[in-house]
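Let me begin by presenting the structure, written as structure tokens, before commenting on it.
This is a predicted model, so every value here is computed, not measured. In what follows, chains carry the letters A, B, and so on, assigned in the order in which the sequence lines appear, proteins first and then strands, with residues in each chain numbered from 1. Computation of the quantities below employed the complete heavy-atom set of this structure, encompassing side-chain atoms and omitting hydrogens, waters and symmetry-equivalent molecules.
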There are 2 protein chains.
Amino acid sequence: MSESDGVTKTKILDAAQDLIQRLGANGMSYQDISDAVGIRKASIHHHFPTKENLIETLLDRYCEYFFRLFDNILQSTASPKEKLQKYIDLFEATLRSEKGEKACLYGMVGAEIASLGLESLAKVKHFHEGNEERLTTLLIEGRKGRVFNLKGDPKATAALVFSLLEGAILIVRAKGGVRQFRQITEQLMILLAA
Amino acid sequence: MSESDGVTKTKILDAAQDLIQRLGANGMSYQDISDAVGIRKASIHHHFPTKENLIETLLDRYCEYFFRLFDNILQSTASPKEKLQKYIDLFEATLRSEKGEKACLYGMVGAEIASLGLESLAKVKHFHEGNEERLTTLLIEGRKGRVFNLKGDPKATAALVFSLLEGAILIVRAKGGVRQFRQITEQLMILLAA
DNA sequence: GTCTATAGCGCGATAGAC
DNA sequence: GTCTATCGCGCTATAGAC
């Protein structure tokens, strides 16, 4: 392994992401990352000069990863209903991660958006737009195939689905956990079904 | 006015609530409150010895206030559909507050729940339960009157509505604001309509 | 690239005068 | 009940040796 292959960088990003998804960006510190990775705080600053810089890198990485998974789902041969279920499963997989229940990275950062920089705000906007656009495509596809009974504007329904998933993954961590998340998303599928 | 009528206490609570609804509990500090109220940090500690104590007091106050409004709606002579709309309007009123867009206090604290104490966790649970129970009652009432087309479990639908509203109020602050919030909630009403 | 050491600041919280 | 002053700590960030 070369010394510049980015393994340490990746470990730092992984630890930071885990912490933010559980505690929030304002609840995560370089010391927490230091403890998790087994590296000194100064070394983290070598890779990510400022906390804003670290968060922005994280947001980009998560967005690319998430959109790639979403695009794979969209381009698969599954039915629109199955595609939506697989999209929902992306959120559920996040929630049921090994280290305890985590929310979506963008859900956490979105909640704290007023205390972050303009760069982060732009990235959050981009994530929301990307999700809503792709969901709109998916919903329209399902309406054509008569598997979704879409009353009203598909864009509004897409925004509803996205808000619901982001909200549910935040809410259920306090009480019902994965079990309640599934109850809510099953109900969503029922409401959308033709 | 007596010196123990709690005016200062109320001012502190109001400022703290505003800050948490915009920045989150971890993004709010005693110094911020001090600046907002025009009182020294030490004086805040006189009224609320610890930050946890302040947050717990806030959560209780907000919960009582919100449930009172919700109960008033439930006990009114409005139709179930109108009642649900008025409930949604409680969230919209929070969002369009004068000092910039605010989320629900419990939405913000819920996102940061893993970095708060067990007392706060219990209060968050209580708020979620209270909302879901009342919403369930409202939805069943509407189903009887055939104004809601409830497929599936009313409890699951109630949890869906609550998660959606908490999620939407967090999400729309990044981009669409009140306009998008209204678009989403109108779509919800369409989906639930018989 | 990682380390030790530390600067500089803001935090929550306390002591004690008034 | 509010103030000034301060403690002790954790934070982000930097300097410089290795």
Atom NE2 of H45(A) to atom P of dT12(D): distance rounded to whole Å? 7 Å

Closest approach to the side chain of A42(A), judged atom by atom: which nucleotide of dG12(C), dC11(D), dC3(C) is it? dC3(C)

I12(A) atom CD1 is separated from dG1(C) atom C1', nearest whole Å, by 10 Å

It should be established whether T8(A) places a side-chain nitrogen or oxygen under 4.0 Å from OP1 or OP2 of nucleotide dT2(C). yes

If you check every side-chain atom of Q31(A), which of dT4(D), dG12(C), dC11(D) has the closest atom? dC11(D)

Does dG1(C) have OP1 or OP2 sitting under 4.0 Å from an N or O in the side chain of H46(A)? yes

Looking only at atom types and distance, does a side-chain atom of Q187(A) sit under 3.5 Å from a main-chain N or O of K151(B), one as donor and one as acceptor? yes

I39(A) has a side chain; which of dA13(D), dC11(C), dC3(C) sits nearest to it? dC3(C)

Given dT12(D), dG12(C), dC3(C), identify the nucleotide with an atom nearest to the side chain of S43(A). dC3(C)

So, do F66(A) and Y106(A) have ring centers that fall under 6.0 Å from each other? no

Measure CG/D35(B) against C1'/dG10(C) and give the value in whole Å, please. 12 Å

Using atom CE of M28(B) as one end and atom P of dG12(C) as the other, report the distance to the nearest whole Å. 8 Å

Distance in angstrom units between R40(A) CZ and dG16(D) C1', rounded: 17 Å

Can you figure out which of dC3(D), dT2(C), dG12(C) approaches the side chain of H47(A) most closely? dT2(C)

Measure the distance from CG on D32(B) to C1' on dG12(C) and round it to the nearest whole Å. 13 Å

Could K9(B) and F48(B) be counted as a cation-pi pair, given that NZ or CZ must be under 6.0 Å from the ring centre and within 45° of the axis? yes

Starting at atom CZ of F48(B), determine the distance to atom C1' of dT14(C), rounded to an integer number of angstrom. 18 Å

What integer distance in Å separates K41(A):NZ from dA7(C):P? 14 Å

Is N131(B) reaching over with its side chain to a backbone N or O of F127(B), donor-acceptor style, under 3.5 angstrom? yes

Check this for me, if you would: do K155(A) and E132(A) make a salt bridge, where the nitrogen-to-carboxylate-oxygen distance has to be below 4.0 angstrom? no

